[in-house]
Amino acid sequence: MTKALYVHVPFCDKICAYCDFVRVLSHPLLIKDYLSALKSELETYPLVQYETIYIGGGTPSALSVEELTVLCEILAPISKSVIEYTMEVNPESLTLDKVMVMKKYGINRVSLGVQTFDEHELKLLHRSHHKEDILKAMDLLIPNGITNISIDLIYGLPLQTLASFEHSIHEAFKCPITHLSLYSLTIEPNSEFGRQKVKKVSDEMEELMYFKAIELFKGYGFHQYEISNFTHHLPSRHNMTYWHYNDYIGIGPGAVSLYQNQRIENTKNLMEYFKGHYHSDVLNLSNEDQRYEFLMMGLRVKEGISLQTFENRFKESINVHYGESIDKLIKKGWLEIENDHLKATESGYPLLNTVLGELLDETTCN
Ligand code: SF4
């Protein structure tokens, strides 16, 4: 049974310089049509109770109190037994009234789009918030009982130094966070950075920043449980569904679902979405696709993949298709098997793309 639901809210108050997500500037009429289409799309799926719901974007907190209430009402019939209910929030758009709505409907986790605590870097990214907004958002959430707070940090920005990045990390840990996601900047061709041909920091600096972050996080008691994610004890239950390659449903423009052996991609075109043409692509996943994607997602997680789960799911041992490559990668010291789990070693983890490339080679040869 599908236990995870992703809801994409494609509205933002301002467009960030690096952004290539599915988003448009907020407008009340567009939001009204969106909410009505979203309700209809949700009704195309069976009415089940989800264990995790993740409202992402875009900027869900850019919705007004009334719009947010409508969204939560749409989701109310399927969120009665939700365990982890996350909403992405941009610090500048959070208000006490919105926190009250979130609380009322059971939202118990917030992913706060912080990116950096450095004012110059925030400006460069065209983010709308300042450092004080981040602290204010924490002060609105924590006393009102939303204490499971994740923040995003970004590294590799043009002109970012190791010192400014370290400063952001220390500032982050002054906040009562439970989880942290770390991303390197990607210059997307369709973003403002891409159009301006902005250059990020060198590969060497980027690597230095990544390893420095891991070291500092460790000092604060945060361990890496996934390639980009860190926590002391509260991994993202919702994202675990993706990494464990279990079914999930994504609704809203640009959302993706893994559902009944299909990958369903929703249209990114708002007007098409409003007309009820929700899906732009439906791909039937072969057994081979699923085996490889199971590995690709599972190896991102530090604990790796359960060999027993692989066997139960695909009715054959992992060695049938990947035995040779796995042996080679174990000999190279990049993979290991521990407690019936296949996982990347400390030295293999940063080379995950190469490891996956070698596994893919064997699949395509079989
Ligand atoms: S980065 Fe986030 S907040 Fe900024 S424009 Fe993109 S979706 Fe909106």
Side-chain angles (χ1 to χ4, degrees), residues 6-28 30-31 34-35 38 54-64 67-68 71 86-95 98 102 107 109-134 136-138 140-141 149-160 165 168 172 179-196 198 200 228-229 236 238-239 250-256 265-270 273:
Y6 174 79
V7 181
H8 192 78
V9 179
F11 302 103
C12 294
D13 288 331
K14 190 177 168 189
I15 304 300
C16 303
Y18 58 100
C19 181
D20 189 29
F21 300 131
V22 179
R23 79 296 182 254
V24 293
L25 285 173
S26 300
H27 189 285
L30 288 180
I31 295 175
Y34 157 79
L35 288 168
L38 188 85
Y54 191 107
I55 306 177
T59 311
S61 57
L63 299 181
S64 68
E67 291 158 350
L68 184 60
L71 174 63
T86 305
M87 182 169 123
E88 284 182 358
V89 164
N90 277 4
E92 75 286 356
S93 54
L94 192 67
T95 62
K98 291 181 193 176
M102 291 158 69
I107 292 171
R109 184 172 184 271
V110 156
S111 172
L112 199 61
V114 167
Q115 317 309 341
T116 167
F117 283 81
D118 182 290
E119 287 293 332
H120 296 294
E121 291 167 9
L122 285 169
K123 205 167 166 196
L124 179 84
L125 293 171
H126 295 188
R127 298 291 300 194
S128 305
H129 68 270
H130 300 278
K131 186 180 154 189
E132 308 85 73
D133 297 317
I134 303 168
K136 267 190 223 151
M138 301 275 176
L140 287 174
L141 293 165
I149 301 176
S150 175
I151 63 169
D152 289 350
L153 284 184
I154 195 162
Y155 66 100
L157 305 174
L159 305 180
Q160 190 177 35
F165 180 51
S168 279
H179 186 277
L180 201 150
S181 300
L182 178 72
Y183 301 104
S184 71
L185 175 73
T186 311
I187 308 282
E188 302 288 354
N190 287 328
S191 67
E192 193 178 323
F193 276 173
R195 285 189 290 276
Q196 291 175 356
V198 164
K200 52 195 268 185
S228 307
N229 288 283
S236 161
H238 180 84
N239 287 353
I251 58 170
V256 175
E265 291 184 9
N266 274 13
T267 178
K268 297 178 179 176
N269 182 317
L270 233 56
Y273 186 77

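Keep in mind that this is a model prediction, so the values were computed, not measured. Just so you know, ligand 1 is whichever comes first in the structure, and atom 1 is the first atom listed for that ligand. Heads up: numbering here begins at 1 and tracks the sequence. Only heavy atoms go into these numbers, but all of them, side chains included; no hydrogens, no water, no symmetry mates.
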Between [X] and [Y], what is the shortest heavy-atom contact and its length?
| X | Y | value |
| --- | --- | --- |
| Phe165 | Ile154 | CE1-O, 4.0 Å |
| Ser93 | Ala62 | OG-N, 4.0 Å |
| Tyr34 | Val7 | OH-CG1, 4.0 Å |

Check: Ser61 main-chain N/O paired with Lys98 side-chain donor or acceptor under 3.5 Å: yes
For atom 6 (Fe) of ligand 1: protein N/O/S atoms at distances below 2.8 Å: 1
Parallel, tilted or perpendicular: rings of Tyr6 and His238 (30°, 60°): tilted
Option nearest atom 2 (Fe) of ligand 1 (shortest heavy-atom distance, choices Arg127, His8, His129): Arg127
Ligand 1 contact by His126, heavy-atom criterion under 4.0 angstrom: no
Numbering as shown, the atoms of ligand 1 that approach Lys14 to under 4.0 Å (heavy-atom distance): 5 (S)
Proximal ligand 1 atoms for Asn90, defined as those under 4.0 Å from one of its heavy atoms: 3 (S)
Within-4.5 Å side-chain heavy-atom neighbours: His8 and Asn266: no
Short side-chain donor-acceptor distance under 3.5 Å, Ser168 and Thr116: yes
Listed partners of His130 passing side chain to side chain donor-acceptor pair (under 3.5 Å), at least two apart: Glu119
